[in-house]
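Each chain gets a letter, A, B and so on, in the order the sequences are listed, and its residues count up from 1.
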Amino acid sequence: LDGPNLERLLARVHESLDAEQGLQGRLRALPTRVRSLLVALAVALVLGVVLVFARRADFDAYPPWRLVLNAATYVGLLALVSNRVLRPLHRPPACRSRELVLVSAALLAPFGWALAPLPMLSRVMDPVAGGRDCLSVGITLGVALILLFRILDHAPQTANFRSAALFASGAGLLANLALAFHCPRTRPLHLAMLHAPIGLVLLFAYGGVLAAFGRRLAMRPASSR
Amino acid sequence: MVSDEELMERYKAGDRAAITELVRRYAPLLLRVMLHQVRAREDADDLVQQTFLQLHRSKGDFRAGAQLRPWLLTIAVNVRHRYFRQMGVREEFPLEPDALERSQPGPAVEDAAEAGCDLRTVLAGLPPDQRDVIVLHWIEGFSFPEVALVVGASLSAVKVRAHRGYVAIRKILAEDPMEGEPAPSSRG
């Protein structure tokens, strides 16, 4: 690396560092534990808003242990997915097979809950009350989490189908977590058709966006990213 | 001379001159590491630049007492992995002489060239995990514990990879005597 080439590289490095001075750059440069905390706060905010303003109609009649177990499944998996998404590049590469298992579990867990035996409610409820907005609410929350992940991700310009799977599985988990506290419908068909597939829908939508635009982004010089 | 770690601490504190010095110190090494597997020089330059960008983004995670060199090399290896993953191609090795000629080979490369080995062709026959270990330890002179930190494997796993890599190299050289011919580049 001779003098002129080194100077050119230095200029490019400084140019890319200058581009990091905005809010997004500052958020990305936060320590990993702070970025993780931001995701946790966002999830807590969503849950809080749902519980206060859009709680399921049968909340008092629904078995609390089941709701807690349901939420614990989603929160636990979401914590693991977030840990992978926010993994900084100074740590050695994550094990690919473990990541595949995690994504599969995150995408399939909502189907498991959808097909679980129906809960015994403590009083009779209208089985079709509410729950008409599940897909739109779930997808909106999921997209919001994907955007947050992209803002906090250290290398969003190198996103591919593998990272799309991680992002979308996390988004699907958040959507199902919120819907578990929002939608009073307990029928397996409703849960399996309108709740559980949100992660998969987001995976194909986001994967498609990346396939269409990701390669183009990769071809751009780094200084312009 | 100011240590790498001290420079990093200064950069974390907002001293832009510190990153300039770090680029001067590490860009040649990073470029060599990239050129061992990236075909085009422009892409290798781009990846070195991205490595420093990632260094900036990870600066909040750098803890006092940590060593900067393996930390930075881990970022470089990850940046390169992501590059190949996004491009949708298998990690490659530059078989054109010009890619490595432009880099400054470490002492082991010179020794290998003197011994009459076409190192590029030989390394191209290794799996990526073994190639990383051989390149970092044998060519760039990293210690095994440093290589273990960079590739995220245990010390024993790194030694096993290195051993398997050496065995594979010997096998490649034994199978094809042409591999033992001097490299076309100006090594010797």
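- Contact count versus chain A (heavy atoms, under 4.5 Å) is highest, among B:Ile19, B:Ile75, B:Asp61, for B:Asp61.
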Go through B:Arg82 and A:Leu89 one step at a time and tell me if the side-chain contact (heavy atoms from CB on, under 4.5 Å) criterion holds.
CA-CA 10 Å; B:Arg82 283 186 173 224; A:Leu89 291 191; 3.4 Å; yes
Under the side-chain contact (heavy atoms from CB on, under 4.5 Å) rule, what do B:Gln49 and A:Glu15 come out as? Steps first, then yes or no, please.
CA-CA 10 Å; B:Gln49 181 198 344; A:Glu15 194 183 327; 5.9 Å; no
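- Using modelled atom types, one side-chain atom of B:Arg57 and one backbone atom of A:His154 make a donor-acceptor pair closer than 3.5 Å.
- Of all heavy-atom pairs between B:Phe52 and A:Leu17, the closest is O-CD2, 4.4 Å.
- A salt bridge links A:Asp18 to B:Arg16: at least one charged side-chain nitrogen sits closer than 4.0 Å to a carboxylate oxygen.
- In this structure, B:Asn78 contributes its side chain and A:His90 its backbone to no donor-acceptor pair below 3.5 Å.
- Of the atoms belonging to B:Leu47, not a single heavy atom falls under 4.5 Å from chain A.
- Within 6.0 Å of CZ on B:Arg63 lie more than 12 heavy atoms contributed by other residues, nucleotides or ligands.
- Counting heavy atoms from C-beta outward, A:Leu10 and B:Thr20 have side chains that approach closer than 4.5 Å.
- Enclosure of atom CZ in A:Arg84 by more than 12 non-hydrogen atoms of other residues, nucleotides or ligands within 6.0 angstrom is indicated.
- When B:Pro70, B:Ala76, B:Gly152 are compared by the number of non-hydrogen pairs under 4.5 Å with chain A, B:Gly152 comes out ahead.
- Between A:Pro92 and B:Thr74, the shortest heavy-atom contact is N-CG2, 3.8 Å.
- In this structure B:Ser156 satisfies the side-chain hydrogen bond (donor to acceptor under 3.5 Å, both in side chains) test together with B:Ser154, sequence neighbours excluded.
- Within the 4.5 Å cutoff, no side-chain heavy atoms of B:His56 are placed close to those of A:Val13.
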Step-by-step side-chain contact (heavy atoms from CB on, under 4.5 Å) determination, B:Arg24 to A:Glu7
CA-CA 9 Å; B:Arg24 287 189 195 285; A:Glu7 292 308 316; 2.8 Å; yes
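- Using a 4.5 Å cut-off between heavy atoms, A:Arg8 does not touch chain B at all.
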